[in-house]
> 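Take a look at the following structure, please.
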Amino acid sequence: MSLEKYRWDLVNCERCSMCKWVHPWSVKSHDRARICPSMQEYLYDAYSAQGRFDVARALLEGEIELTDKVLEVIYACTLCGGCDVTCKFTRDMEPLEVLHELRKYAVEQGKGPLPGHMPAVDSIRKNGNPWLQPKTRRAHWARNLKVKDLNKEKAEVLYFAGCTYSYNANLQNVARATLRILQSAGIDVGILGNNDACCASPVLKVGMDEMFFEHARSNVKLFNSLGVKKVITSCAGCYGIFQGHYPGVETMNYEVVHSVNLLDQLIREGKLKFKNKVPMKVTWHDPCHLGRGGEKEDLWEGERLKWGLSDPPRQRNFGSNGVFDAPRNILQAIPGIEFTEMERIREFSWCCGAGGGVKSAFPEFALHSAQERIAEATDTGAEAVVTSCPWCELNLADGAAASDSALKIVSLVELIEKAL
Ligand code: SF4
Ligand code: SF4
């Protein structure tokens with residue numbers, strides 16, 4: 001795949017601007033009609049998917065060069081996929097793939113990624129995590145737990161906490177709570193300890209595909225060698241990558257499940273029973289990589305013929321089959337919880353602002369997007385935003401602090417543990 005592969009899209013994009021807005025059927029108010037964080041931040045067409053199509057076409061035609069400004073346009077985007085689902089409702093383009101190809105192009109030309117991305121990239125190369133932490137501390141989160149070590153023994157399920165839940169002291173309890181709950185439900189689960197390695201999402205997102213493939217291949221081979229039936233992760237980013245991108249890298253002999261889906265199933269089967277009330281009014285934030293980005297992708301290779309026609313036929317991803325119901329089922333099942341929705345939800349959710357390398361390269365932009373979400377959550381009257389993605393949890397917490405908001409940011413699994 002390359003930018004050239006998307007020439008049809010670049011030329012035939014109708015410049016209709018649908019990719020900047022929540023689909024009209026789902027707009028609830030004028031103030032919350034936007035879906036594109038970068039368009040909201042920069043208020044200039046080049047910072048939308050539509051504008052980036054023009055930039056990509058102009059690069060292909062040699063009309064412009066990769067200046068610092070063009071690189072900013074390419075990278076000041078959270079790759080949240082809001083444009084992708086809204087475009088597909090009325091058109092048949094592939095905005096998200098074009099946005100990724102632009103980054104690959106920048107890397108191929110020796111101009112990408114940006115300096116702000118490099119500490120995380122170098123740390124993944126050196127330490128197997130983007131947090132500049134030694135490999136030897138990866139399993140510290142589990143040091144007081146009794147759990148199978150899959151390096152030495154077999155289990156049906158691998159629990160993969162992900163880098164951020166493993167290393168961030170404020171979030172490690174998410175991994176611990178998930179493991180405790182899985183064990184209490186009788187799941188035969190183990191961990192890889194210090195041998196877990198980054199899913200490599202951060203390098204894929206900045207366009208470093210070669211490095212991504214190397215890491216992804218090594219992870220799939222390792223998971224296959226364990227003989228596990230399932231890999232369960234709590235991280236929305238790892239989940240999106242494991243189920244959306246790894247199948248195109250190597251054959252996987254296991255199923256990938258986000259912990260929220262499994263926990264919902266265990267509650268519905270009666271294997272987890274709530275005993276305690278958690279009196280709290282909450283709203284749910286759909287992480288992009290769990291929601292619209294959590295939909296199974298069609299790994300299509302073929303040719304675009306004309307509007308709506310591809311050879312061989314290609315599935316259009318509308319984002320509506322992501323993980324949306326499971327967290328809502330859980331919140332509605334916890335005694336004492338009063339659940340309320342924000343205006344932009346499910347496939348039209350507003351991004352937390354941290355993704356696509358934005359948090360490290362454009363921290364102000366990341367913060368403004370989080371503040372927008374905090375304001376939207378505040379309007380519901382909720383006292384907490386519940387979610388299930390470490391990046392969303394960290395960035396929304398930053399947004400709440402910057403907005404002097406009393407809203408709490410809570411991980412779903414911690415609410416579940418309180419109620420059990
Ligand atoms: S990318 Fe899609 S939604 Fe955006 S302007 Fe082009 S055709 Fe319209
Ligand atoms: S991926 Fe998100 S931030 Fe980037 S252009 Fe699309 S809607 Fe805007």
Side-chain angles (χ1 to χ4, degrees), residues 3 6-27 32-58 70-103 106 201 204-207 237 240 244 286-289 291-295 304 306-308 316-319 322 344 346-359 361-362 364-370 372-373 391-392 395:
L3 263 188
Y6 292 95
R7 185 180 281 277
W8 183 92
D9 296 65
L10 303 179
V11 172
N12 289 281
C13 159
E14 298 187 27
R15 277 69 191 175
C16 63
S17 283
M18 289 295 287
C19 47
K20 299 167 188 167
W21 305 96
V22 170
H23 188 272
W25 294 344
S26 298
V27 168
R32 304 261 149 70
R34 288 185 192 276
I35 201 163
C36 174
S38 63
M39 190 62 200
Q40 162 133 327
E41 176 77 5
Y42 295 92
L43 285 175
Y44 196 75
D45 195 56
Y47 293 82
S48 67
Q50 171 180 304
R52 290 180 173 106
F53 271 43
D54 288 324
V55 168
R57 193 205 52 76
V70 171
L71 286 167
E72 180 187 278
V73 165
I74 291 174
Y75 281 106
C77 154
T78 59
L79 297 183
C80 69
C83 51
D84 206 70
V85 301
T86 50
C87 174
K88 288 194 176 70
F89 261 91
T90 45
R91 301 292 181 268
D92 185 29
M93 308 297 161
E94 295 290 352
L96 208 46
E97 291 185 25
V98 170
L99 298 173
H100 180 69
E101 289 300 334
L102 269 170
R103 292 173 182 213
S201 164
L204 181 71
K205 301 290 178 193
V206 296
D286 290 294
C288 299
H289 302 304
R292 56 188 166 232
E295 182 173 281
R304 316 273 276 135
K306 56 182 179 176
W307 193 91
R316 264 158 101 176
N317 278 64
F318 290 99
R344 288 170 290 193
R346 302 177 76 95
E347 67 266 42
F348 304 118
S349 183
W350 179 260
C351 170
C352 79
V358 165
K359 183 82 177 162
F362 304 96
E364 287 296 305
F365 166 30
L367 191 62
H368 296 160
S369 303
E372 164 84 9
R373 193 58 160 166
W391 290 89
C392 297
N395 202 41

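A quick note: this is a predicted structure, and the numbers were derived from the prediction, not measured. Counting starts at 1 for both ligands and their atoms, in listed order.
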> Is the shortest heavy-atom distance from the side chain of Arg52 to the side chain of Ser38 under 4.5 Å?
yes

> What atoms in ligand 1 come closer than 4.0 Å to a heavy atom of Gln50?
5 (S)

> Taking Arg346's backbone N and O only, do any of them form a donor-acceptor pair with Asp286's side chain (distance below 3.5 Å, no angle check)?
yes

> Check whether any N, O or S atom of Cys351, backbone or side chain, sits closer than 2.8 Å to atom 8 (Fe) of ligand 2.
no

> Using a 3.5 Å distance criterion without hydrogens, assess whether the side chain of Arg91 forms a donor-acceptor pair with backbone atoms of Cys13.
no

> Which residue owns the protein heavy atom closest to atom 4 (Fe) of ligand 2, what's the atom, and how far is it?
Cys77 SG, 2.4 Å

> Please report which non-hydrogen protein atom sits nearest to atom 8 (Fe) of ligand 2, along with the residue it belongs to and the distance in Å to one decimal place.
Cys36 SG, 2.4 Å

> What protein heavy atom sits nearest atom 6 (Fe) of ligand 1, and how far away is it?
Cys13 SG, 2.3 Å

> Before giving the answer on salt bridge (charged side-chain N to carboxylate O under 4.0 Å, His left out), spell out for Arg15 and Asp45 the whole-Å C-alpha distance, their side-chain angles and the decisive distance to 0.1 Å.
CA-CA 10 Å; Arg15 277 69 191 175; Asp45 195 56; over 6 Å; no

> Return the orientation label for the Trp25 and Phe89 ring planes: parallel under 30°, perpendicular over 60°, tilted otherwise.
perpendicular

> Should you measure from each heavy atom of Glu14, which atoms of ligand 1 turn up under 4.0 Å away?
6 (Fe), 7 (S)

> Is any side-chain heavy atom of Val27 less than 4.5 Å from a side-chain heavy atom of Trp21?
no

> I'd like to check which ligand 1 atoms, numbered from 1 as shown, lie under 4.0 Å from a non-hydrogen atom of Met93.
2 (Fe), 7 (S)

> Does Cys87 put an N, O or S atom under 2.8 Å from atom 4 (Fe) of ligand 1?
no

> How far apart are the C-alpha atoms of Trp8 and Met93, what are their side-chain angles, what is the distance that settles it, and do they pass the side-chain contact (heavy atoms from CB on, under 4.5 Å) test?
CA-CA 9 Å; Trp8 183 92; Met93 308 297 161; 3.9 Å; yes

> Could you tell me whether Arg344 and Glu372 make a salt bridge, using a distance below 4.0 angstrom between a side-chain N and a carboxylate O?
yes

> Got His368 and Pro37 here, is their nearest side-chain heavy-atom distance under 4.5 Å?
no

> Ser38 heavy atoms, cut-off 4.0 Å: which ligand 2 atoms fall inside?
3 (S), 8 (Fe)

> I'd like to know whether ligand 2 has Pro95 as a neighbour, heavy-atom separation below 4.0 Å.
no

> Below 4.0 Å, non-hydrogen atoms only: which portion of Lys20 touches ligand 1? Side chain, backbone, both or neither.
neither

> How does Ser48 reach ligand 1, if at all, at less than 4.0 Å between non-hydrogen atoms: by side chain, backbone, both, or neither?
neither

> Out of all atoms in ligand 1, which are within 4.0 Å of some heavy atom of Met18? Include the element for each.
3 (S)

> Tell me, please: is Ala49 in heavy-atom contact with ligand 1, that is, under 4.0 Å?
no

> Locate the shortest heavy-atom distance separating Tyr75 from Val358; write the atom from each residue and the value.
O-CG2, 3.9 Å

> Could you list the atoms of ligand 1 found under 4.0 angstrom from a heavy atom of Arg91?
7 (S)

> Taking 4.0 Å as the limit for heavy-atom contacts, which would you say applies to Asp84 with ligand 2: side chain only, backbone only, both, or neither?
neither

> Establish, yes or no, whether a centroid distance under 6.0 Å links the rings of Tyr42 and Phe365.
yes

> Judged by atom type as modelled, is there a donor-acceptor pair below 3.5 Å linking the side chain of Trp350 to the main-chain atoms of Ser369?
yes

> Hey, is atom 4 (Fe) of ligand 2 within less than 2.8 Å of some N/O/S atom on Cys83?
no

> Do me a favour and list the nearest non-hydrogen protein atom to atom 2 (Fe) of ligand 2 with residue, atom name and distance?
Cys80 SG, 2.3 Å

> Tell me: protein heavy atom nearest atom 5 (S) of ligand 2, and distance?
Arg52 NH1, 3.3 Å

> Thr78 heavy atoms, cut-off 4.0 Å: which ligand 2 atoms fall inside?
2 (Fe), 3 (S)

